[in-house]
Protein chains: 2
Amino acid sequence: MTDTDSSSLPERKRGSGVKMVYDLLRDEILDLKLAPGSPIDEVQLAERFKMSRTPIREALVRLAGEGLIETLPNRSTMVSNIDFLNLHTFFDALVLMYRVTTRLAAQAHRPEDLAVIRGFHEDYAAALEARDALKMIATNAAFHAAIAEAGRNPYFTSLFRRLLDEGRRILQLYYQSYDEQFPRRFVDEHAAIIAAIAARDIEEADRLGKAHAEAIVAQVQKLFSRNDRLDITL
Amino acid sequence: MTDTDSSSLPERKRGSGVKMVYDLLRDEILDLKLAPGSPIDEVQLAERFKMSRTPIREALVRLAGEGLIETLPNRSTMVSNIDFLNLHTFFDALVLMYRVTTRLAAQAHRPEDLAVIRGFHEDYAAALEARDALKMIATNAAFHAAIAEAGRNPYFTSLFRRLLDEGRRILQLYYQSYDEQFPRRFVDEHAAIIAAIAARDIEEADRLGKAHAEAIVAQVQKLFSRNDRLDITL
DNA sequence: TGTATTTTATTTGTCGACAAGAAAAATACA
DNA sequence: TGTATTTTTCTTGTCGACAAATAAAATACA
């Protein structure tokens, strides 16, 4: 029985319950606090948040819409599994969105966007200094999401956000293996990307975004392919 | 009071209500039977489908998740407006997804995919012969969605589906202006795309997909830019 | 002991009702 | 007549309860 209620305040604003449950569950899923495949119980959540099942259910429907949980009709609902077999489709989409969003940001950004981007850049650097993997992963996603926002294409932004979310779960596995070995390199690459965007150098931004994405993908792929081999030989 | 219930059968399977409402509302929105901006009343829908508000609400939450309706907290919910001011972002995303999905289809398709694609291709040609604009638009979307499915990248497929949906509404406006002038050209282009995919000619598929997308975009943009001018001069 | 069938238990999907919030209407006041 | 305030109406958000569907447990039977 988890005791995570918000300081015994039974008063809650009318529409806020759904968002609260949604946000919290989403973070718990992306931080792997809720393991892929683990069941989600509506009544348990209802008790935990001290509300009826109706708003809980609405939050779950939303999460299902984004693919973060899966619902078997009339049966259980559980945290979505990571589809390791088709990781390449994920990487394909991720690299393309890295490129497109960085490119558009160089083209369409406004001065105030740069401030936001630089803010997350510093948060990321701070998280790296503090060796806080969880925070690194989250701020990295926020950094690239901010770049996408500056590109001002909501279709790309929403797909990219979804990919970055999924990436948070995968990166977590990655850092759990290479524990405490945080590459300083990504900070420098982020800085270079910011510079290209600020200079409105579209081609350079594209190139850097692509290189950055492929570097990350290559590292993660190296890990998983090694794991695959281990799995087979065992 | 609309009388669209399904032949006075009060018996309905347990989980089917939500999907029925979702599918029907979705089609009505995309076919512009429900105009952008028009209000959506939960109780009215509940009466119409003879069910409680709970499953109606779930369907609405899903539609809102896909951006087809918008919900103002504690107030009304309405069909999403078409954002004419930012149509270029839509076109950018559409063209890129046309390219990527056609390219991937040429690369990853299996024989059985081609049968499905050819099926929709014929449906489209038949709809053009019958001068059935609504059916043309729907089968065109289905045709390209089938190509995306053959590419087997769920991230691209889902974004492309969303774009094709939105495109159904825009194309409808397009054909309402150029009424009954259906270009035969698109059928031929579709045939060429199928041939390139079947031949696994990735670069050619990419090229054709791009050209096809840009042709459509150019035509639609011509219409809207003309309308813009009219709006200003009036 | 192993399999088929019934019973129980658990969880989801649906319902009707009620209360909160906001808009519209009605009233008061200058 | 025009503006501010109250009242009413209408829609949404939430609740507790019940029924259907499935899984698990228990029983029957060979």
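Only a predicted model underlies this, so the values are computations on that prediction, with no experimental measurement involved. To find a chain, count down the sequence lines: A is the first, B the second, and so on, and within it residues start at 1. Values below: every heavy atom of this structure, side chains too, minus hydrogens, waters and symmetry copies.
Relative to the side chain of A/E42, the nucleotides C/dG13, D/dT11, D/dG13 differ in distance, and C/dG13 lies closest.
Across all strands, A/T71 comes closer than 4.0 Å to no nucleic acid atom at all (heavy-atom distances). Using a 4.0 Å heavy-atom distance criterion, A/L72 is classed as making no nucleic acid contact.
Pairs passing the salt bridge (charged side-chain N to carboxylate O under 4.0 Å, His left out) check and including a residue from residues 112-126 of chain A, sequence neighbours excluded, read A/D113-A/R152. Within the structure, salt bridge (charged side-chain N to carboxylate O under 4.0 Å, His left out) pairs that include any residue of residues 83-92 of chain A do not occur (at least two apart or interchain).
Atom C1' of nucleotide D/dT11 and atom CG of B/L45 are separated by 13 Å, given to the nearest angstrom. In this structure, A/M78 places its CE atom 13 Å from P of C/dT12, rounding to the nearest Å. Rounded to an integer number of Å, the gap from B/D41 CG to D/dT9 C1' is 14 Å. Rounded to whole Å, atom C1' of D/dT11 lies 13 Å from atom CG of B/L60. A straight line from CE of B/M20 to C1' of C/dG13 spans 16 Å, rounded to a whole angstrom. The CZ-P distance, from B/R57 to D/dT11, rounds to 14 Å in whole Å. Rounded to whole Å, the distance from NZ on A/K19 to P on D/dT12 is 21 Å.
A salt bridge links B/E149 and B/R161; the closest N-O separation between the charged side-chain nitrogens and carboxylate oxygens is under 4.0 Å. Taking a cutoff of 4.0 Å between a charged side-chain nitrogen and a carboxylate oxygen, B/E166 and B/R169 qualify as a salt bridge. A salt bridge links B/R26 with B/D165: the closest approach of a Lys/Arg side-chain nitrogen to an acidic carboxylate oxygen falls below 4.0 angstrom.
For B/S158, the side chain to side chain donor-acceptor pair (under 3.5 Å) partners at least two apart in sequence or on another chain are A/R162. The side-chain contact (heavy atoms from CB on, under 4.5 Å) search around A/V18 returns A/P55, A/E58, A/A59, A/R62, not counting sequence neighbours.
Side chain of B/N86 to main chain of B/T89: no donor-acceptor pair is present (N/O by atom type, distance under 3.5 Å, no hydrogens or angles).
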Per-nucleotide protein contact string for nucleotides 15-20 of chain C (B base, S sugar-phosphate only, - none; heavy atom under 4.0 Å): B-B--B
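Pairs of Watson-Crick or G-U wobble type, with distances under 3.5 Å, assemble into runs of 3 or more in DNA chain D at these ranges: C:1-30 with D:1-30.
Classified by interplanar angle (parallel below 30°, tilted 30° to 60°, perpendicular above 60°), the ring pair B/F143/B/H190 is parallel.
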